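Computed over heavy atoms, backbone and side chain alike; hydrogens, waters and symmetry mates excluded. Computed from a predicted model, the values in this text were never measured in an experiment.
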Amino acid sequence: MSLSIRNQIPGTVTAVTPGEVMATVKVRLDGGQDLTAAITLEAVEDLGLAAGSAVRAMVKSTEVALATGRVAGVSIRNQLPGTVSEVATGGAMATVKIAVDGGELTAAITKDAATDLGLTAGSPVVALIKSTEVSLATA
């Protein structure tokens with residue numbers, strides 16, 4: 001199956017915490033970072049997820065926010081440090097490619113945001129991703 005989601009990073013499930021309808025799934029990405037996904041309990045069961053399961057964490061580029069450093073006092077669980085490898089700007093939007101340990105992420109942000117943050121190749125950034133925006137696929 002081919003997908004339009006460009007952000008696909010391999011990892012291994014380290015823990016599953018089930019709730020009544022949803023579950024949080026902790027994933028150790030191949031680069032060593034930890035990521036949390038909040039998915040339905042039904043999806044956990046359908047995918048057979050448990051500690052040790054190989055997965056691919058997927059996030060749409062429009063769901064990746066960027067900051068120039070770690071952000072305190074925010075509910076976003078996933079903060080992945082990286083380095084900008086490329087910035088492509090259009091009339092209104094910018095695509096920012098970020099090298100993170102073990103992979104690459106793409107963020108689609110406004111051109112104004114890219115300018116205001118001073119993003120250029122080599123800039124250190126932190127990719128912010130809400131756990132509810134992380135999808136998992138079995139590898």
Side-chain angles (χ1 to χ4, degrees):
M1 171 192 325
S2 294
L3 296 172
S4 64
I5 298 175
R6 294 291 165 243
N7 296 320
Q8 299 185 29
I9 302 176
T12 304
V13 173
T14 57
V16 177
T17 305
E20 214 169 291
V21 177
M22 299 286 289
T24 56
V25 180
K26 302 279 188 187
V27 176
R28 171 72 40 91
L29 301 177
D30 284 1
Q33 314 91 319
D34 291 316
L35 189 75
T36 300
I39 63 175
T40 66
L41 192 54
E42 182 179 7
V44 168
E45 294 166 356
D46 288 349
L47 295 171
L49 298 180
S53 297
V55 295
R56 193 164 285 281
M58 300 183 295
V59 182
K60 290 175 60 176
S61 61
T62 53
E63 300 303 332
V64 178
L66 298 177
T68 55
R70 288 208 174 265
V71 181
V74 66
S75 66
I76 297 174
R77 298 293 81 192
N78 300 309
Q79 297 193 28
L80 303 177
T83 303
V84 173
S85 57
E86 181 183 336
V87 179
T89 56
M93 297 296 291
T95 299
V96 182
K97 292 190 178 188
I98 305 112
V100 297
D101 289 342
E104 181 179 73
L105 289 172
T106 300
I109 63 174
T110 64
K111 178 181 173 183
D112 290 345
T115 300
D116 290 349
L117 293 173
L119 300 181
T120 60
S123 297
V125 293
V126 175
L128 306 168
I129 307 164
K130 290 178 62 174
S131 59
T132 53
E133 299 304 329
V134 178
S135 296
L136 298 175
T138 51

Please set out all donor-acceptor pairs under 3.5 angstrom arising from side-chain atoms of residues 95-119, sequence neighbours excluded.
| from | atom 1 | to | atom 2 | distance (Å) |
| --- | --- | --- | --- | --- |
| T110 | OG1 | A113 | N | 3.0 |
| T115 | OG1 | K111 | O | 3.1 |

Treat each ILVMFWY residue as a node, draw an edge where side-chain heavy atoms are under 4.5 Å apart, and state whether M93 and V125 are in one component. no
Listed by chain and number, what are the salt bridge (Lys or Arg N to Asp or Glu O under 4.0 Å) partners of R28, not counting sequence neighbours? D34
What side-chain hydrogen bond (donor to acceptor under 3.5 Å, both in side chains) pairs are there with at least one residue in residues 60-83, not counting sequence neighbours? none
Mind checking what makes side-chain hydrogen bond (donor to acceptor under 3.5 Å, both in side chains) contact with S123, not counting sequence neighbours? T120
Distance, nearest 0.5 Å, that separates CG of L29 from OG1 of T12: 9.0 Å
Can you name the nearest heavy-atom pair linking A127 to V64, along with the distance? CB-CG1, 3.9 Å
With a 4.5 Å cut-off on side-chain heavy atoms, are M58 and L3 touching? yes
For V134 and A37, work out which heavy atoms get closest and say how close. CG1-CB, 3.7 Å
Applying side-chain contact (heavy atoms from CB on, under 4.5 Å) to A38 and not counting sequence neighbours gives M22, S131, T132
P10: partners by side-chain contact (heavy atoms from CB on, under 4.5 Å), with sequence neighbours left out: D30, R56
Please determine whether residues V55 and L47 belong to a single hydrophobic cluster, defined as Ile, Leu, Val, Met, Phe, Trp and Tyr linked transitively by side-chain heavy-atom distances below 4.5 Å. yes
Which heavy-atom pair separates G48 from S53 by the least distance, and what is that distance? O-OG, 3.6 Å
Considering residues at least two apart in sequence or located in another chain, which fulfil the side-chain contact (heavy atoms from CB on, under 4.5 Å) criterion with V44? V16, A23, V25, I39, L49
Which other residues belong to the hydrophobic cluster containing V74, where Ile, Leu, Val, Met, Phe, Trp and Tyr are joined when side-chain heavy atoms lie under 4.5 Å apart, directly or via other members? V71, I76, V126, L128
Which residues pass the side-chain hydrogen bond (donor to acceptor under 3.5 Å, both in side chains) test with K26, sequence neighbours left out? T36
